J.: 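Before I ask anything, let me first share the structure, which is written out below as structure tokens.
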Amino acid sequence: MDSLIIQGGNPLRGKIKISGAKNAALPLMACGLLLSKGSLELTSFPKLADTNSMATLLINLGLKIEIKNDNALIFGRPNNFNAPYDLVNKMRASILVLGPLLTRFGSARVSLPGGCSIGTRPVDLHIKAMKALGAKVKIIKGYVEAQAPKEGLKGCIINFPKVSVGATENTIMAASLAKGETIITNAAKEPEIINLANCLNEMGAKISGAGTNEIKITGVKVLLGTKCKVISDRIETGSYAIASLMTKGELELNNAEPLYLSELNETLLKSGAIIKTSQDKIFVSSKSILPVNVETGVYPGFPTDLQAQFMSLMCIANGKSEIKENIFENRFMHVPELIRMGAKINVNGGIAKIKGVKKLNGAPIMATDLRASISLVIAALSAKGESQISNVFHLDRGYEDIENKLSNCGAKIKRVFNK
């Protein structure tokens, strides 16, 4: 598998254009299954391993997809309602085809999904929602097999026992073509949910309340083509902001959306960052790194997807800090690799205690999941000496053109294509 070779110690200086958000693009792509007429054009479309996997899955279902530059055009009509294991096991977001297939065509057979090994992340809430809408759902030999009644799905009240972004997205899409009104309570509030609802409304849906914990969807008969912009990736933005601080550099992050990063910005300011924002730009620099305690939470809390990156920063902070992970039970797999680089970290359950050191040292390290990958890249950029990061295929799932973006800002980074 491919590796990254990084010679650390160079401050990052320059400009980086933030790509469209992976976690927004994937449900928007699934909206193509809901089309009765026309095409869905997605702009600011990120070219990633995960969006490529979703495109392959949608093509297998019968859609047509044309990707040119940073635009994706999705059109056609599905002729297959089976999402097989060999396509779904690469990416958890594949489960997002369940709701659209079920509400549009009355039938779906979707393999239980794969993705990063950061916890169980069951699909029980997705199934709960589909059943509440009237579908008959069974799990047979690793597949979710669902059938809608002849009259179609019917609106209802769905109260999620815990917040789930994916289940909220799947339910919104399914309810868009269901009969009557659906109310989702304890809904996820993420910006990606707002992006999805806005796109569906442009297609003709009737959705209100996106971005709050209660979303109302009044079903319509058809959804038509439209043009929709994928919001910028707040996790990529945060990752590069942390990289700027860790290398004592100065970065201007363009095509960013500061509005969606208030919790991160507040935390970074406490850690000694200098942050200036405009409508679509964030300028980040720092002279010193101070210890800050954080705990992850559902949006608008501190993102679990930035926990690993922030831990790397705290490894060289001037003092002790503590990070509590509240979302996923197995999201400290980057800790042993950071310790190999000289970090002082003690993990007890969901709490990591970090004692800052003056510097990290380059070492051979291995990525275990997507966000662990970028945390190790950030650590390696600031470390003394050379680091080799293996298993970087995880990185390609969520960070577009990362080597060029970092190289253009002074990083010494290259990819080694292993046989």
Side-chain angles (χ1 to χ4, degrees), residues 23-24 26-38 40 58 61 74 78 81 83 93-110 123-137 144-226 228 299:
N23 291 338
L26 296 173
L28 290 175
M29 294 175 74
C31 287
L33 296 167
L34 298 168
L35 287 170
S36 291
K37 185 179 179 181
L40 177 60
L58 294 178
L61 295 173
I74 305 172
F81 312 126
S94 301
I95 194 67
L96 292 175
V97 304
L98 175 64
L101 286 176
L102 191 56
T103 195
R104 179 80 172 85
F105 303 100
S107 178
R109 183 174 184 266
V110 183
V123 298
D124 57 327
L125 296 184
H126 299 255
I127 294 172
K128 169 186 169 73
M130 297 307 113
K131 286 182 175 180
L133 290 166
K136 293 182 178 180
V137 186
V144 179
E145 297 191 3
Q147 298 290 327
K150 290 183 179 180
E151 61 273 18
L153 300 180
K154 294 183 178 180
C156 63
I157 297 175
I158 298 173
N159 180 30
F160 286 127
K162 61 180 180 180
V163 175
S164 168
V165 176
T168 299
E169 292 168 339
N170 230 339
T171 306
I172 289 173
M173 290 186 283
S176 294
L177 291 176
K179 293 180 175 64
E181 183 180 77
T182 298
I183 299 176
I184 306 172
T185 61
N186 201 26
K189 304 176 184 178
E190 271 73 1
E192 294 79 11
I193 300 288
I194 299 173
N195 199 188
L196 173 64
N198 288 343
C199 180
L200 286 167
N201 283 337
E202 288 294 322
M203 294 169 67
K206 295 181 179 180
I207 304 168
S208 62
T212 73
N213 62 3
E214 183 174 291
I215 300 175
K216 295 182 180 180
I217 308 105
T218 301
V220 297
K221 292 184 178 180
V222 296
L223 293 172
L224 305 177
T226 191
C228 175
Y299 187 84

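Just so we're clear, the structure is a prediction, and the values are computed from it rather than from any experiment. Just so it is clear, the values below take in all heavy atoms, side chains as well, and ignore hydrogens, waters and symmetry mates.
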J.: Taking the side chain as everything from C-beta on, heavy atoms only, tell me whether I193 gets closer than 4.5 Å to P27.
T.: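 Sidechains of P27 and I193: no contact.
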J.: Would you check if L153 and L177 make a side-chain contact, meaning some heavy-atom pair closer than 4.5 Å?
T.: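 Counting from C-beta outward, L153 and L177 never come under 4.5 Å.
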J.: What residues form a side-chain hydrogen bond (donor to acceptor under 3.5 Å, both in side chains) with E192, not counting sequence neighbours?
T.: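 In terms of side-chain hydrogen bond (donor to acceptor under 3.5 Å, both in side chains), with neighbours along the sequence ignored, E192 is linked to R234.
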J.: Among residues at least two apart in sequence or on other chains, which ones pass side-chain contact (heavy atoms from CB on, under 4.5 Å) with K136?
T.: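 K136 satisfies side-chain contact (heavy atoms from CB on, under 4.5 Å) with no residue once adjacent residues are dropped.
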J.: Can you check whether T103 reaches M173 side chain to side chain, under 4.5 Å on heavy atoms?
T.: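 T103 does not reach M173 side chain to side chain.
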J.: If you take all heavy atoms of A93 and L26, which pair is closest and at what distance?
T.: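 That closest heavy-atom pairing would be CB-CD1, 3.5 Å.
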J.: Among all residues two or more places apart in sequence or in another chain, which pass the side-chain contact (heavy atoms from CB on, under 4.5 Å) test with K154?
T.: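 K154 satisfies side-chain contact (heavy atoms from CB on, under 4.5 Å) with E151 once adjacent residues are dropped.
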J.: My understanding is that only residues two or more places apart in sequence, or in another chain, count here; which of them pass side-chain contact (heavy atoms from CB on, under 4.5 Å) with A205?
T.: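 side-chain contact (heavy atoms from CB on, under 4.5 Å) check on A205 returns S176, L200, N201, I207, L223.
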J.: In chain order, what residues pass the salt bridge (Lys or Arg N to Asp or Glu O under 4.0 Å) check against E202, with sequence neighbours excluded?
T.: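 Scan of E202 (salt bridge (Lys or Arg N to Asp or Glu O under 4.0 Å), adjacent residues dropped) gives none.
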J.: With sequence neighbours excluded, give me every side chain to side chain donor-acceptor pair (under 3.5 Å) pair touching residues 205-222.
T.: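 The answer is none; no pair qualifies.
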J.: Counting C-beta onward and ignoring hydrogens, is there a side-chain heavy-atom pair between L196 and C31 closer than 4.5 Å?
T.: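 Yes, side chains in contact.
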J.: Using the side-chain contact (heavy atoms from CB on, under 4.5 Å) rule, pick out the option among K131, Q147, K128 that qualifies with V137.
T.: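 Only match with V137 under side-chain contact (heavy atoms from CB on, under 4.5 Å): K131.
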J.: Under a 4.5 Å cut-off applied to non-hydrogen side-chain atoms, are L33 and R104 in contact?
T.: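 L33 does not reach R104 side chain to side chain.
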J.: Roughly how far apart are I74 CD1 and L34 CG, rounded to 0.5 Å?
T.: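 If we round to the nearest 0.5 Å, I74:CD1 and L34:CG are 11.0 Å apart.
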J.: Quick one: list whatever passes side-chain contact (heavy atoms from CB on, under 4.5 Å) with C199, sequence neighbours left out.
T.: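 Only L28, L40, M203, T226, C228 meet the side-chain contact (heavy atoms from CB on, under 4.5 Å) criterion with C199.
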J.: Taking C-beta and beyond as the side chain, do V165 and N23 meet within less than 4.5 Å on heavy atoms?
T.: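 With C-beta onward as the side chain, the pair stays apart.
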J.: Looking at OG of S107 and CG of L101, how far apart are the two atoms once the value is rounded to the nearest 0.5 Å?
T.: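 Spacing of OG (S107) from CG (L101) equals 8.0 Å.
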J.: Measure across F160 and L125 and return the closest heavy-atom pair with its distance rounded to 0.1 Å.
T.: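 Nearest heavy atoms, F160 then L125: CE2-O, 3.6 Å.
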J.: What's the spacing between I172 CD1 and T182 OG1 if we round to 0.5 Å?
T.: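 Result: 10.5 Å between the selected atoms.
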J.: Sequence neighbours left out, what passes ring pair (Phe, Tyr, Trp, His ring centres under 6.0 Å) with Y299? Give chain and number order.
T.: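 For Y299, no residue satisfies ring pair (Phe, Tyr, Trp, His ring centres under 6.0 Å) once neighbours in sequence are set aside.
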J.: Considering only residues two or more places apart or on different chains, which pairs with a residue in residues 156-174 satisfy side chain to side chain donor-acceptor pair (under 3.5 Å)?
T.: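 As it turns out, the side chain to side chain donor-acceptor pair (under 3.5 Å) pairs with a partner in residues 156-174, which skip direct neighbours, are H126-N170, N159-T185.
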J.: Please name all residues satisfying side-chain hydrogen bond (donor to acceptor under 3.5 Å, both in side chains) with E145, sequence neighbours left out, ordered by chain then number.
T.: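 R109.
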J.: Any idea which heavy atoms bring L96 and G166 closest together, and the distance?
T.: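 The answer is CD2-O, 3.6 Å.
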